[in-house]
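Below is one structure, written out as structure tokens; the observations come after it.
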Amino acid sequence: MKEFIDLRSDTVTKPSPDMRKAMAEAEVGDDVYGEDPTVNALQEKVANLLGKEAALFVPSGTMANQLSIKTHTQPGDEVIIEASSHPYNFEGGAGAALSGIQFQCLKGSRGILDASQIEESIRPADHHFAVTRLICLENTHNRGGGSIYLLEKMAEIYRLAKSRELSVHLDGARLWNASIATGIKPQEYGRWADSVSVCLSKGLGAPVGSLVAGSKEFIDRVHRFRKMFGGGMRQAGIIAAAGIYALDHNLERLRDDHQNAKRLAVGLKELKGISIDPKHVESNIVIFDVLNSGMTASQVGEAMKRERILVHAFGRTQIRLVTHLDVTAEEIEKTLKAFKKVLEKKE
Ligand SMILES: Cc1ncc(COP(=O)(O)O)c(C=O)c1O
């Protein structure tokens with residue numbers, strides 16, 4: 001019996017016994033010398049999945065994004081990004097601190113940007129302005145509620161970028177979810193970005209690890225910065241093995257998480273005081289508003305905790321739930337019952 005049903009994030013999963021077995025049995029070597037066969041196999045697998053020449057294993061999604069930004073830019077450059085994106089908001093100011101870039105933030109529709117608004121924001125070639133160098137996209141978009149880019153939208157943005165000699169980086173921490181939700185292969189998405197970061201420790205359930213993928217020349221340069229950022233790891237095959245296991249076993253089952261998220265959204269919509277549009281739930285993230293409940297998000301969060309359910313409250317009235325492989329359909333029903341109890345108690 002679990003102590004809590006934990007819906008705060010899909011990062012809270014624990015490695016399964018079979019995943020741990022794969023880790024324990026992994027063949028390893030010193031990856032800083034490029035001699036870890038399991039890391040090499042993972043890198044090749046992910047490069048193939050994303051349709052790129054090469055990929056590099058790194059400790060976190062944050063490092064994957066920031067290495068990409070560093071490699072694409074020079075200090076003083078400008079990076080166009082969505083205002084609620086992860087690299088801008090939740091990576092400790094790394095863009096400024098580690099790459100010396102400035103972000104230009106555009107407001108997207110649930111995190112999704114249009115080529116036309118990006119085009120208007122590219123700085124003219126004038127010495128008053130920073131040089132626009134890079135466009136960062138996020139798919140699925142975390143704060144957008146797991147929203148997914150239409151492939152055509154990404155293609156349009158990429159074509160615009162190329163016509164203006166800009167690079168495109170895709171924060172694909174949950175690109176796997178986008179792919180399973182739409183049936184569009186990761187390499188189809190990868191085609192419309194120069195670099196892609198992906199995570200193994202979110203929906204896929206590995207304990208740690210992300211990768212950056214791109215051209216061989218790009219990844220060679222990322223490799224140098226990975227060393228500089230302190231991300232060179234030694235017998236990392238132990239954790240890479242968990243990533244290989246996750247890709248082999250936990251990709252298709254993301255469908256269950258999406259179904260569970262949809263069920264949550266539909267059930268929550270029935271409850272008084274909650275404002276949510278279930279059609280906005282496209283993958284494994286559910287964001288909703290409790291403004292009309294007479295409680296703040298943190299009050300709802302505290303009351304849910306007393307029901308042994310953990311949720312992520314942010315802002316005054318918003319709550320995020322993320323479904324993942326350690327939450328069952330039955331637990332989703334329990335969660336809905338608990339929300340009903342918490343909100344009815346208030347009345
Ligand atoms: C969209 C997105 N990008 C990047 C990251 C960063 O990943 P990490 O926590 O591994 O640094 C996250 C983490 O949740 C994320 O949601």
Side-chain angles (χ1 to χ4, degrees), residues 1-13 84 86 89-90 108-112 138-149 173-174 176-178 180-182 202-203 205 253-347:
M1 180 71 178
K2 273 183 212 163
E3 198 185 350
F4 289 101
I5 297 170
D6 195 342
L7 290 161
R8 288 172 302 165
S9 175
D10 48 9
T11 57
V12 300
T13 56
S84 60
H86 201 280
N89 290 284
F90 307 114
S109 161
R110 290 187 297 119
I112 305 295
E138 187 172 316
N139 192 15
T140 68
H141 197 291
N142 183 341
R143 277 298 159 103
S147 49
I148 299 175
Y149 265 93
R174 295 184 184 79
W176 317 116
N177 294 84
I180 292 295
T182 59
K202 309 218 157 48
R253 64 147 309 285
L254 289 174
R255 251 177 255 293
D256 303 343
D257 298 343
H258 298 173
Q259 257 172 24
N260 284 340
K262 201 52 138 191
R263 169 68 193 124
L264 271 175
V266 169
L268 285 167
K269 188 171 166 49
E270 299 300 309
L271 303 183
K272 253 181 114 180
I274 286 187
S275 145
I276 183 169
D277 185 345
K279 84 169 177 302
H280 287 162
V281 175
E282 299 177 68
S283 58
N284 71 328
I285 301 181
V286 182
I287 294 181
F288 59 97
D289 205 293
V290 294
L291 179 66
N292 297 324
S293 69
M295 295 168 89
T296 62
S298 51
Q299 285 168 337
V300 174
E302 280 308 309
M304 286 298 284
K305 194 170 176 185
R306 289 192 286 277
E307 301 297 321
R308 322 303 294 165
I309 293 167
L310 303 179
V311 305
H312 178 54
F314 65 94
R316 235 180 72 74
T317 60
Q318 286 200 303
I319 290 183
R320 186 189 72 176
L321 309 175
V322 188
T323 56
H324 52 76
L325 84 177
D326 287 353
V327 177
T328 64
E330 198 190 339
E331 289 168 335
I332 295 296
E333 298 306 322
K334 272 196 195 158
T335 302
L336 285 169
K337 279 202 188 105
F339 268 116
K340 189 167 186 327
K341 182 172 163 197
V342 162
L343 294 163
E344 279 176 0
K345 220 185 234 167
K346 168 72 189 68
E347 285 180 332

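Here the structure is a predicted model, which means the values were calculated and not measured. Residue numbers start at 1 and run along the sequence shown.
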- Closest heavy-atom pair, Leu336 versus Leu271, reported as atoms and distance to 0.1 Å, is O-CD1, 4.2 Å
- Residues Leu325 and Gly205: closest non-hydrogen pair is CD2-CA, 3.9 Å
- Are the charged groups of Lys272 and Glu344 less than 4.0 angstrom apart, N to O? no
- Contacts of type side-chain contact (heavy atoms from CB on, under 4.5 Å), residue Thr328, not counting sequence neighbours: Glu330, Glu331
- Message: Working to the nearest 0.5 angstrom, can you tell me the gap between Asp256 CG and Arg263 CZ?
- Response: 15.5 Å
- Item | ring pair (Phe, Tyr, Trp, His ring centres under 6.0 Å) contacts touching residues 313-332 (sequence neighbours left out) | His312-Phe314
- Would Arg174 and Asp10 pass as an ion pair if we require N to O under 4.0 Å? yes
- Task: List in chain and number order the residues that pass side-chain contact (heavy atoms from CB on, under 4.5 Å) with Asn260, two or more places apart in sequence or in another chain; answer none if no residue qualifies.
- Result: Thr323, Ala329, Ile332
- Closest non-hydrogen atom pair, Asn177 against Ser283: CB-CB, 4.2 Å
- So which pairs with a foot in residues 312-325 pass salt bridge (Lys or Arg N to Asp or Glu O under 4.0 Å), sequence neighbours left out? none
- Message: Just verifying a value: how many Å separate Leu343 CG and Met304 CE, rounded to the nearest 0.5 Å?
- Response: 8.5 Å
- Item | Pair listing, ring pair (Phe, Tyr, Trp, His ring centres under 6.0 Å) test, anchored in residues 253-310, at least two apart | Phe288-Phe339
- Query: If you look only at pairs with a residue in residues 295-314, which of them pass as a salt bridge (Lys or Arg N to Asp or Glu O under 4.0 Å), with sequence neighbours excluded?
  - Reply: Glu3-Arg308, Glu307-Lys341
